[in-house]
Novice: 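Quick one: the structure is below, and I'll ask about it shortly.
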Amino acid sequence: MEWYARYGRATLPWRAIRDPYRTLVSEFMLQQTQVDRVVPKFEAFVERFPDVEALANARIADVLRLWQGLGYNTRGVRLANVAKEIVSRFGGVIPANVEALQSLPGIGPYTARAIAAFGFDEPLAPVDTNVRRIVHRVFFGIEHPPKAAPAQLDERAQELVPARGHDWSSALMDLGATICTARAPKCMLCPLYDECASAPLDAAVVERLRREHAKAPSPQNAIPFETTVRYARGRVVDRLRELPPGEAISFLDLHRELATLERSREELSEVVAALERDGLVTSRPEGLSLRE
DNA sequence: AAAACGGGGTG
DNA sequence: CACCCAGTTTT
């Protein structure tokens with residue numbers, strides 16, 4: 001905690017102002033997404049949608065426009081749906097209870113605990129990739145190969161949490177993001193050096209062990225990203241984001257404009273259908289648009 | 001248990 | 001250029 005007081009990222013916008021709604025928004029944006037890329041998006045988002053009610057009344061299309069550049073666009077849809085459910089099921093008040101939180105769309109075990117800990121200062125351990133890595137290195141040794149099961153790491157992380165959860169978990173995550181990093185840990189700067197089962201860790205050794213225990217590359221890593229469905233989805237959503245609010249584009253126009261994708265009408269149709277199922281896109285007689 | 005889901009920074 | 005990132009949902 002002394003290290004955190006001195007070197008922690010206290011000015012992150014969801015820490016400078018503590019508020020469960022800001023915690024909710026930040027945690028959705030931070031799923032699988034680095035802090036540096038979230039900060040500017042977060043600030044624009046909470047300015048446009050300052051509270052649960054504003055977000056509950058938002059058009060999905062506007063949420064998705066603010067989501068540009070973050071990736072995993074269904075997170076934006078789910079976040080807006082969470083706001084609606086909070087209004088309809090919880091009277092507009094974000095629950096502090098983990099089970100209630102996890103019943104909401106897009107909130108899994110990590111995010112439920114993160115909202116409870118960061119939003120309500122509950123003594124719970126949100127175990128993200130940082131906490132997982134730190135706990136593994138400190139108590140079980142270097143994580144390549146893994147010597148601890150996920151359940152063991154959860155349990156060990158939870159045992160560490162003091163009475164108030166916010167600063168403790170913030171500290172662990174900052175340590176993981178800046179010192180106890182995945183590739184090139186800076187053990188010589190680490191406040192846990194003396195208690196750590198892995199210190200001092202040499203970056204070259206980490207790299208070698210990682211390589212030795214690397215899983216066989218999945219076949220889709222061998223093909224160019226531009227040929228993947230994910231890429232096609234991204235280009236479709238990008239095109240629909242450009243549409244002025246209220247306007248639509250016909251499927252055939254979309255297919256023509258996205259000719260560089262080299263997708264047949266049938267293939268592109270399947271991409272659009274999946275986006276519809278995911279709640280991002282609406283198909284009407286006038287054409288396609290982001291969902292209202 | 002494995003795959004799908006984005007996109008940008010990094011060593 | 002493979003890996004990594006405040007994970008969750010679907011298959």
Side-chain angles (χ1 to χ4, degrees), chain A residues 8-9 12-15 22-42 64 67-79 81-82 101-119 124-134 143-144 150 154 157 165-166 168-178 180-186 203-204 206-211 213-226 228-238 241 270-271 274-275 277-280:
Chain A
R9 299 173 293 182
L12 291 177
W14 47 88
R15 288 187 187 161
R22 295 168 70 92
T23 303
L24 170 70
V25 172
S26 66
E27 287 305 333
F28 265 80
M29 290 186 170
L30 286 162
Q31 289 170 358
Q32 291 283 285
T33 308
Q34 290 93 330
V35 166
D36 289 347
R37 198 142 53 87
V38 166
V39 167
K41 301 294 178 179
F42 173 84
L64 291 176
W67 210 263
Q68 180 153 38
L70 283 175
Y72 289 138
N73 297 307
T74 58
R75 288 183 297 169
V77 176
R78 289 174 183 150
L79 176 58
N81 288 336
V82 163
L101 286 164
Q102 213 172 326
S103 76
L104 296 164
I107 298 185
Y110 164 76
T111 304
R113 283 166 181 74
I115 294 171
F118 297 135
L124 294 170
V127 182
D128 74 331
T129 188
N130 293 301
V131 174
R132 195 156 43 239
R133 187 173 57 249
I134 293 171
E143 68 275 26
H144 298 298
D154 277 11
H166 186 118
W168 175 258
S169 289
S170 297
L172 277 188
M173 290 181 185
D174 286 4
L175 189 69
T178 62
C180 193
T181 57
R183 305 247 211 134
K186 304 169 181 61
V206 175
E207 172 71 5
R208 181 174 59 76
L209 290 175
R210 191 182 57 66
R211 213 176 283 287
H213 296 93
K215 290 178 253 186
S218 86
Q220 50 188 323
N221 286 338
I223 62 179
F225 183 63
E226 288 71 18
T228 63
V229 169
R230 277 158 102 113
Y231 180 75
R233 283 173 62 103
R235 303 294 70 72
V236 170
V237 172
D238 270 349
R241 269 197 273 250
E270 195 41 61
V271 169
L275 289 170
R277 286 195 295 274
D278 292 341
L280 286 87

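Below, chains carry the letters A, B, ... as their sequence lines are ordered, and counting in each starts from 1. No hydrogens, no waters, no symmetry mates; every other heavy atom, side chains included, goes into these values.
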Novice: Just the rounded figure in Å: distance from P of C:dA6 to CG of A:Asp174.
Specialist: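 Atom CG in A:Asp174 sits about 10 Å away from atom P in C:dA6.
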Novice: A:Ala182 has a side chain; which of C:dC5, B:dA4, C:dA6 sits nearest to it?
Specialist: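 Nearest nucleotide to the side chain: C:dC5.
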Novice: Using the side-chain heavy atoms of A:Tyr110, tell me which of these nucleotides is nearest: C:dG7, B:dT10, B:dC5.
Specialist: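 My answer, after comparing the listed nucleotides, is C:dG7.
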Novice: Considering every strand and a 4.0 Å limit on heavy-atom distances, what is the contact class for A:Trp67: base, sugar-phosphate, or nothing?
Specialist: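 No contact.
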Novice: If you pin A:Tyr72 and A:Arg183 to their nearest nucleotides in DNA chain B, which one's is more 5'?
Specialist: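 So the residue in question is A:Tyr72.
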Novice: What is the distance, to the nearest angstrom, from the CD atom on A:Gln68 to the P atom on B:dG8?
Specialist: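 A:Gln68 atom CD is separated from B:dG8 atom P by 9 Å.
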Novice: Look at all strands and tell whether A:Arg15 reaches a base, only sugar-phosphate, or nothing, counting heavy atoms closer than 4.0 Å.
Specialist: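 Contact class for A:Arg15: base.
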Novice: Taking atom P in both C:dT11 and B:dG6, compute the distance separating them and give it to the nearest angstrom.
Specialist: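 Approximately 14 Å lies between the P atom of C:dT11 and that of B:dG6.
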Novice: Has A:Arg75 got a side-chain N or O lying under 4.0 Å from the OP1 or OP2 atom of C:dA6?
Specialist: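 No, because none of the side-chain N or O atoms of A:Arg75 sits under 4.0 Å from OP1 or OP2 of C:dA6.
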Novice: For the side chain of A:Val229, starting at C-beta, report the closest nucleotide among C:dC3, C:dG7, B:dC5.
Specialist: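 Taking heavy atoms from C-beta onward, the closest nucleotide is B:dC5.
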Novice: Taking only nitrogen or oxygen atoms into account, show me every contact under 3.5 Å that the protein makes with nucleotides 9-11 of chain C, one pair per line with its distance.
Specialist:
from: C:dT9; atom 1: OP1; to: A:Gly106; atom 2: N; distance (Å): 2.5

Novice: Would you please say whether a donor-acceptor pair under 3.5 Å links the side chains of A:Arg75 and A:Thr33?
Specialist: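 Yes.
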Novice: Please classify the nucleic acid contact of A:Asp278 as base, sugar-phosphate, or nothing, using heavy-atom distances under 4.0 Å.
Specialist: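 Nothing, no nucleic acid heavy atom in range.
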Novice: Is the closest side-chain donor-acceptor distance between A:Arg78 and A:Asn81 under 3.5 Å?
Specialist: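 Looking only at side-chain atoms, A:Asn81 and A:Arg78 do not form any donor-acceptor pair under 3.5 Å.
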Novice: Where along residues 26-38 of chain A does a heavy atom come under 4.0 Å from DNA chain B, residue by residue in number order?
Specialist: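 Result for residues 26-38 of chain A: A:Gln32, A:Thr33, A:Gln34, A:Arg37, sorted by number.
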Novice: Within the structure shown, what part of the strands sits under 4.0 Å from A:Arg9 by heavy-atom distance: base, sugar-phosphate, or nothing?
Specialist: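 Since a base atom lies under 4.0 Å of A:Arg9, the category is base.
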Novice: Just compare B:dA4, C:dG7, B:dG11 and give me whichever is closest to any side-chain atom of A:Thr129.
Specialist: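 Among B:dA4, C:dG7, B:dG11, the one nearest the side chain of A:Thr129 is C:dG7.
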